[in-house]
Amino acid sequence: MKTVLVLGGTGEARELAAALVDLRVISSLAGRVADPKLPVGEVRVGGFGGVDGLIAYLRAERVDAVVDATHPFADRITANALAATTATGTPFLVLRRPGWPPEDGWRYVDSVAEAAALVAGRRAFITTGRQELGAFTGGVARTVDPPDPPNPRLHVVLDRGPYTVDGEVRLMREHRVEVLVTKDSGGPMTAAKLTAARHLGIPVVVVRRPPPPPAPLVETVAEAVEWLTRGSGAG
Ligand code: NAP
């Protein structure tokens with residue numbers, strides 16, 4: 001049976017692991033979240049130890065194909081996966097959900113730090129994850145696990161999607177939010193905040209994605225299954 005390594009940490013990675021029934025699938029998680037939602041099947045947790053560690057892992061497990069289904073902003077593991085699969089000649093596919101279609105009132109920036117500078121002095125609703133929160137001066141940050149490092153100037157709400165529009169409107173009103181800060185993560189899991197911001201007339205600062213790697217790329221789980229079973233993957 002062919003072995004596929006799915007680099008995960010996203011809903012799409014869990015869906016892909018569930019959809020691949022006739023292959024041996026190993027799902028890999030970074031181990032950042034204390035209580036992660038686990039994919040079905042075989043799971044390994046923790047870094048590989050850079051490119052060399054990943055090369056050794058691909059060889060030891062006799063991996064036939066790698067699907068990078070990590071978050072669009074997890075660019076180090078993506079770069080490592082590209083380098084390791086190139087070195088070993090392992091077929092490599094990137095599964096990236098599309099970003100959100102831009103709307104009026106959205107301002108794009110290139111980094112979380114740039115977003116923090118732009119919203120300084122305003123009560124922001126910050127949804128960019130628990131890292132890189134140090135530069136924000138005020139507002140509410142929503143994270144799955146507590147911010148690292150902590151930022152005493154922010155009110156923290158610990159929660160995990162999917163979210164509802166009503167819930168997001170309530171939260172933004174309760175904290176008298178003046179601006180929303182988000183990564184261009186895409187997908188439905190966290191999109192309710194964007195609808196809520198539109199309803200409330202709140203401007204949105206969107207952190208642009210890092211560029212995709214130079215590798216075959218698909219946007220849906222179905223396309224990834226197709227690639228693995230019929231295309232240049234492990235099928
Ligand atoms: P990153 O900066 O791209 O990766 C940093 C290091 O973490 C990698 O070099 C690798 O360590 C390890 N790593 C990352 N993803 C891994 C995986 N799926 N399996 C094994 N090791 C992994 O990653 P990140 O941005 O911190 O994201 C970490 C995880 O959280 C990813 O799985 C990602 O899908 C998920 N996530 C990230 C975001 C985000 O905004 N960045 C949002 C939601 C979910 P070694 O070099 O030791 O192999």
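Counting convention: from 1, in listed order, for ligands and their atoms alike. The chain is numbered in sequence order, starting from 1.
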Engineer: Judged on heavy-atom distance to atom 35 (C) of ligand 1, which of Ala13, Gly9, Ala81 sits nearest?
Structural biologist: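 The option holding the nearest heavy atom is Gly9.
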
Engineer: Would you say ligand 1 has an N or O under 3.5 Å from any N or O of Arg32?
Structural biologist: yes

Engineer: Would you mind running through ligand 1 and noting each atom that sits below 4.0 Å from a heavy atom of Asp75?
Structural biologist: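 Within the 4.0 Å cut-off of Asp75, ligand 1 contributes 3 (O).
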
Engineer: Between Glu12 and Arg96, is there a side-chain N and carboxylate O pair less than 4.0 Å apart?
Structural biologist: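 Not counted as a salt bridge, because no side-chain N and carboxylate O are separated by less than 4.0 Å.
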
Engineer: Would Arg160 count as a cation-pi partner of Tyr163, with NZ or CZ less than 6.0 Å from the six-membered ring centre and within 45° of the ring normal?
Structural biologist: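 No, Arg160 does not sit over the ring of Tyr163.
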
Engineer: Using a 3.5 Å cut-off on N or O atoms only, is Ser28 in polar contact with ligand 1?
Structural biologist: yes

Engineer: Specify the protein heavy atom at minimum distance from atom 12 (C) of ligand 1: its residue, its atom name, and the distance to 0.1 Å.
Structural biologist: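 Result: Gly47 CA, 4.2 Å.
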
Engineer: Give the contacting part of Leu29 toward ligand 1: side chain, backbone, both or neither, where contact means a heavy-atom distance below 4.0 Å.
Structural biologist: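 Only the backbone of Leu29 comes within reach of ligand 1.
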
Engineer: One thing to verify: whether Arg208 and Glu114 come together as a salt bridge, which I'm taking to mean a side-chain N less than 4.0 angstrom from a carboxylate O.
Structural biologist: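 Arg208 and Glu114: not salt-bridged.
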
Engineer: Pick whichever of Gly129, Pro72, Gly49 has a heavy atom sitting closest to atom 47 (O) of ligand 1.
Structural biologist: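 Nearest heavy atom to atom 47 (O) of ligand 1 lies in Gly49.
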
Engineer: Below 4.0 angstrom, N of the basic side chain to O of the carboxylate: do Glu219 and Arg97 qualify?
Structural biologist: no

Engineer: What do you reckon, does Gly53 put a non-hydrogen atom under 4.0 Å from ligand 1?
Structural biologist: no

Engineer: Looking only at heavy atoms, is any part of Arg44 under 4.0 Å from ligand 1, and if so is it the side chain, the backbone, or both, or is it neither?
Structural biologist: side chain

Engineer: Taking the side chain as everything from C-beta on, heavy atoms only, tell me whether Glu178 gets closer than 4.5 Å to Ile202.
Structural biologist: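 With C-beta onward as the side chain, the pair stays apart.
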
Engineer: Considering Ala74, Ser27, Ala84, Ala79, which one's heavy-atom position lies nearest to atom 23 (O) of ligand 1?
Structural biologist: Ala74

Engineer: Select one of side chain, backbone, both or neither to describe which atoms of Asn80 lie under 4.0 Å from any atom of ligand 1, heavy atoms only.
Structural biologist: side chain

Engineer: Of the choices Lys183, Arg130, Arg76, His71, which has the non-hydrogen atom that lies closest to atom 2 (O) of ligand 1?
Structural biologist: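 Looking at heavy atoms only, Arg76 sits closest to atom 2 (O) of ligand 1.
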
Engineer: In the protein, which heavy atom is nearest to atom 32 (O) of ligand 1, and how far is it?
Structural biologist: Gly8 O, 2.8 Å

Engineer: Counting heavy atoms only, which of Ser185, Gly50, Pro210 comes nearest to atom 46 (O) of ligand 1?
Structural biologist: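 Looking at heavy atoms only, Gly50 sits closest to atom 46 (O) of ligand 1.
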
Engineer: Atom 29 (C) of ligand 1: which protein heavy atom is closest, and how many Å away?
Structural biologist: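 Among all protein heavy atoms, the one nearest atom 29 (C) of ligand 1 is Ala30 CB, 3.7 Å.
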
Engineer: Name the one of Leu54, Asp68, Thr85 that satisfies side-chain contact (heavy atoms from CB on, under 4.5 Å) with Leu5?
Structural biologist: Leu54

